[in-house]
Amino acid sequence: MQRQRTLRSKVSCVGVGLHSGKEVRLELKPADVDSGIVFLRTDLPTRSKIHATAANVTATLRATTLEENGAKVFTIEHLLSAINACQIDNCEIEIDAEEPPVLNGNSIDFFRMIQSAGIVEQSAERKIIRVEKIYRVDGEEGKRFIMALPYDGFRVSFVSINPHPLIGIQYGDFVIDAQTYEREIAPARTIAYEKEIDALHAMGLGLGGTIDNVIVYNDAGWLNKLNYPDELVRHKILDVIGDMRLAGILHCHIVAAASGHALNTQLAKKIFSDFD
């Protein structure tokens with residue numbers, strides 16, 4: 001029997017949000033059994049709670065947004081990705097703004113925060129969602145898809161398709177455990193095309209992005225050094241791991257082609273609705 005897990009002690013960090021550009025303090029705290037992953041907006045008078053479940057997804061433009069009882073948080077996928085890889089069942093996340101800090105644009109700092117806090121087993125049995133049939137979500141006339149297949153464990157296979165000749169087609173396939181995640185996935189940063197940055201800013205997005213937390217490319221090449229030659233697809237896998245945590249702790253094989261937050265969370269909602 002696998003037991004539920006939470007943090008041994010609380011741990012915190014400060015930074016700015018990737019899209020909002022606003023300063024934010026975030027604290028991860030131990031939580032009781034069966035409480036799940038819960039955001040607590042400490043900047044709101046009601047200290048509103050937002051449960052990190054697929055049912056609370058309300059938007060997916062360039063990030064995943066959760067909303068409950070009028071309070072919301074967005075760009076939560078990097079943090080949830082690290083929480084998922086560490087197999088944390090219960091955690092309270094105190095945050096004094098709408099968006100967690102971007103830090104290095106990946107999830108390695110969140111992963112290391114969890115490891116530094118320590119992880120403890122709890123008295124209750126873990127609720128594992130074992131996928132026993134095929135779930136699939138398609139987009140754009142079949143050009144994009146994501147599916148979940150039965151699998152004993154958690155594995156992600158992803159094909160990234162980018163028309164820019166610098167990137168092209170990239171493929172990644174990983175069985176996810178904490179060691180593999182830390183080495184192969186967590187350091188992969190989010191990505192931006194230089195020509196799109198002004199348009200993103202005009203939409204109020206990417207205001208906290210810098211050359212230190214985003215890998216940027218233009219028609220001449222990369223503006224910063226890559227952590228991996230295929231960093232784009234690895235970051236896509238990082239996002240999938242975070243988005244799928246909204247369905248619970250899954251045992252399945254995720255297979256995706258050119259998927260993004262919209263398709264990821266639609267799949268999470270399908271699975272969540274069957275097992276909730």
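Residue numbers count from 1 along this sequence. When reading the values below, keep in mind they use all heavy atoms of this one structure, side chains included, and skip hydrogens, waters and symmetry mates.
Ion pairing between Asp89 and Lys127 fails under the 4.0 Å rule for side-chain N and carboxylate O. Salt-bridge annotation for Arg136 and Asp138: present, with a side-chain N of the basic residue lying under 4.0 Å from a carboxylate O of the acidic one. In this structure, Glu125 does not pair ionically with Arg3, as no charged nitrogen and carboxylate oxygen lie closer than 4.0 Å. Salt bridge Arg41/Glu94: absent, no basic N to carboxylate O contact under 4.0 Å. A salt bridge links Glu27 with Arg25: at least one charged nitrogen is closer than 4.0 Å to a carboxylate oxygen.
Aromatic ring centres of Tyr193 and His164: separated by under 6.0 Å. For His78 and His235, the ring centers sit closer than 6.0 Å to each other.
In this structure a side-chain-to-backbone donor-acceptor pair under 3.5 Å is present from Ser81 to Leu238. For Asn56 (side chain) and His51 (main-chain N/O), a donor-acceptor pair under 3.5 Å exists by modelled atom type. The main-chain N or O of Gly208 is found under 3.5 Å from a side-chain atom of Asn213 such that the two form a donor-acceptor pair. Without hydrogens or angle criteria, Asn90 side chain to Gly36 main chain gives a donor-acceptor distance under 3.5 Å. Put simply, the side chain of Arg189 never gets that close to the backbone of Asn104: no donor and acceptor are under 3.5 Å apart. The closest donor-acceptor contact from the side chain of Arg126 to the backbone of Gln87 lies under 3.5 Å. Checking side-chain atoms of Ser9 against main-chain N and O of Ala117 turns up a donor-acceptor pair under 3.5 Å. Thr6 places a side-chain N or O within donor-acceptor distance of the main-chain N or O of Ala31, the cut-off being under 3.5 Å. At distances below 3.5 Å, not a single donor-acceptor pair connects side-chain atoms of Thr64 with backbone N or O atoms of Thr60. Looking at Ser35, its side chain does come within 3.5 Å of a backbone N or O of Asp32 through a donor-acceptor pair.
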For this session: Starting from the C-alpha separation in whole Å, work towards a yes-or-no answer on side-chain contact (heavy atoms from CB on, under 4.5 Å) for Leu250 and Met244.
Result: CA-CA 8 Å; Leu250 302 179; Met244 295 313 300; 3.7 Å; yes
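Judged as a salt bridge (Lys or Arg N to Asp or Glu O under 4.0 Å), not a single pair has a partner in residues 249-261 (not counting sequence neighbours). Pairs engaging residues 52-79 under the salt bridge (Lys or Arg N to Asp or Glu O under 4.0 Å) rule: Arg62-Glu196 [sequence neighbours left out].
Annotation: Asp152, atom CG; neighbour count of heavy atoms from other residues, nucleotides and ligands within 6.0 Å does not exceed 12.
A pairwise comparison of heavy atoms in Val120 and Leu7 identifies CG2-O, 3.8 Å as the closest pair. The shortest heavy-atom contact between Ser116 and Val11 is OG-CG2, 3.9 Å. Of all heavy-atom pairs spanning His19 and Phe74, the tightest one is CB-CE1, 4.2 Å. Of all non-hydrogen atoms in Pro187 and Tyr181, the two that sit nearest each other are CD-O, 4.3 Å. Gln4 and Val33 make their closest contact through OE1-CA, 3.5 Å (heavy atoms, listed as atom of the first residue, atom of the second, distance).
Side-chain contacts under 4.5 Å among hydrophobic residues (ILVMFWY), followed directly or transitively, place Val159 together with Ile161, Ile169, Tyr171.
Under the side-chain contact (heavy atoms from CB on, under 4.5 Å) rule, Asp96 has a single partner from Asp43, Val14, Leu40, Leu26, which is Asp43.
No side-chain donor-acceptor contact under 3.5 Å links Arg234 and Gln170.
Residues Leu267 and Met147 fail the side-chain proximity criterion, which asks for heavy atoms closer than 4.5 Å.
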